[in-house]
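We count ligands from 1, going down the list as the structure has it; atoms in each ligand are counted the same way. The residues of the chain are indexed from 1 along the displayed sequence. Just so you know, these numbers come straight off a predicted model, no measurement behind them.
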Amino acid sequence: MGNVYVTDHPLIQHKLSYIRDVKTGTKDFRDLVEEVSMLMAYEITRDLPLADKPIQTPLCEMTAKQIAGKKLGIIPILRAGLGMVDGVLRLIPAAKVGHVGLYRDPETLEPVEYYCKLPTDVEERELIVIDPMLATGGSAAAAIQFLKDRGAQNIKLMCLIAAPEGIAKVQEHHDDVDIYIAGVDEKLNEKGYIVPGLGDAGDRLFGTK
Ligand code: URA
């Protein structure tokens, strides 16, 4: 079973309270989502392997540490996942960015992929799927499946807020995927919104309704 990591970092929790607040306008919301995404990228990269690297300081030679192992890829789920990309890239600038877009088929209610553009070497990368809201878990589970169908072997999921239903869905379908979140909320309402949540993340990021 994949692990679920809920960060209790005070800066993340503090900023998340402003993200949730209905009084926070579009610009501040966008900036805060970017900042929290950057801080969460710090948490999610905690276990990256290091390798020794001989370097020369102004004083002497030394063996320093540098990140080794697989290269990273960031995969925002369209559209709200876009709001997290720049924050993650601020910490991991060399990561490649792929995009996955899904819609729900009105007949079958199944997620259907309408856009997918990934780094060519997806099977060799450690991928971080990002989406601010893990609600029903349908989109995240489907996006992860699309990545696996294209050869991805190493996937983590990073969200700001999750409903218990969403966590359960991802764990049910992808027990190899660790989930990183800043808050687990109470429930989903009848329209599929997370309660208390933050509303529609895409609308709040892009100023739409
Ligand atoms: N997507 C959102 O943007 N908000 C929710 O509460 C649920 C899904």
Side-chain angles (χ1 to χ4, degrees), residues 4-7 12-13 15-41 44 74-88 97-106 108-116 128-147 155-174 177 179-209:
V4 179
Y5 299 96
V6 185
T7 178
I12 294 178
Q13 293 305 318
K15 290 173 190 291
L16 187 61
S17 77
Y18 285 97
I19 290 175
R20 288 178 181 280
D21 194 325
V22 69
K23 294 196 294 296
T24 300
T26 302
K27 183 189 180 304
D28 289 340
F29 185 91
R30 199 181 290 146
D31 290 348
L32 286 160
V33 167
E34 185 176 325
E35 285 171 20
V36 168
S37 302
M38 184 185 71
L39 294 168
M40 290 187 72
I44 205 169
I74 307 166
I75 315 292
I77 300 179
L78 302 176
R79 123 187 108 132
L82 292 176
M84 300 174 72
V85 172
D86 287 352
V88 179
V97 183
H99 296 86
V100 175
L102 306 159
Y103 71 91
R104 187 174 290 275
D105 184 297
T108 64
L109 301 183
E110 290 298 317
V112 181
E113 178 190 305
Y114 68 84
Y115 187 80
C116 185
I128 305 174
V129 175
I130 53 177
D131 196 358
M133 308 302 273
L134 181 59
T136 63
S139 300
I144 292 167
Q145 190 57 52
F146 293 140
L147 296 176
I155 303 173
K156 293 176 175 172
L157 174 64
M158 184 170 113
C159 305
L160 300 188
I161 298 175
E165 296 90 329
I167 295 172
K169 176 99 172 190
V170 172
Q171 287 188 319
E172 180 195 341
H173 291 272
H174 303 289
V177 171
I179 304 173
Y180 293 75
I181 30 191
V184 182
D185 278 8
E186 202 183 315
K187 59 177 183 185
L188 292 177
N189 71 10
E190 64 290 348
K191 291 186 175 155
Y193 281 95
I194 298 177
V195 180
L198 52 72
D200 187 300
D203 282 347
R204 294 198 63 193
L205 276 166
F206 299 112
T208 50
K209 260 278 175 289

Pairs under 3.5 angstrom only: tabulate donor-acceptor contacts from the side chains of residues 191-202 to other protein residues two or more places apart or in another chain.
residue	atom	partner	partner atom	Å
Tyr193	OH	Asp200	OD2	3.4
Asp200	OD1	Gly202	N	3.0
Asp200	OD1	Asp203	N	2.9

Pairs under 3.5 angstrom only: tabulate donor-acceptor contacts from the side chains of residues 80-87 to other protein residues two or more places apart or in another chain.
none

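Residues passing the ring-ring contact (aromatic ring centres under 6.0 Å, His included) test with Tyr180, sequence neighbours excluded: Tyr5.
In plain terms, the two heavy atoms of Arg204 and Thr24 that are nearest each other are NH2-O, 3.0 Å. When all heavy atoms of Ala140 and Leu157 are compared, the closest pair comes out as CB-CD2, 4.1 Å.
Looking at heavy atoms from C-beta onward, Met158 lies out of side-chain contact with Ile181 at the 4.5 angstrom threshold.
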Give one line per pair: atom of ligand 1, protein atom, distance. Only N/O to N/O under 3.5 Å.
residue	atom	partner	partner atom	Å
ligand 1	3 (O)	Ala201	N	2.7
ligand 1	4 (N)	Gly199	O	2.8
ligand 1	6 (O)	Ile194	N	2.7

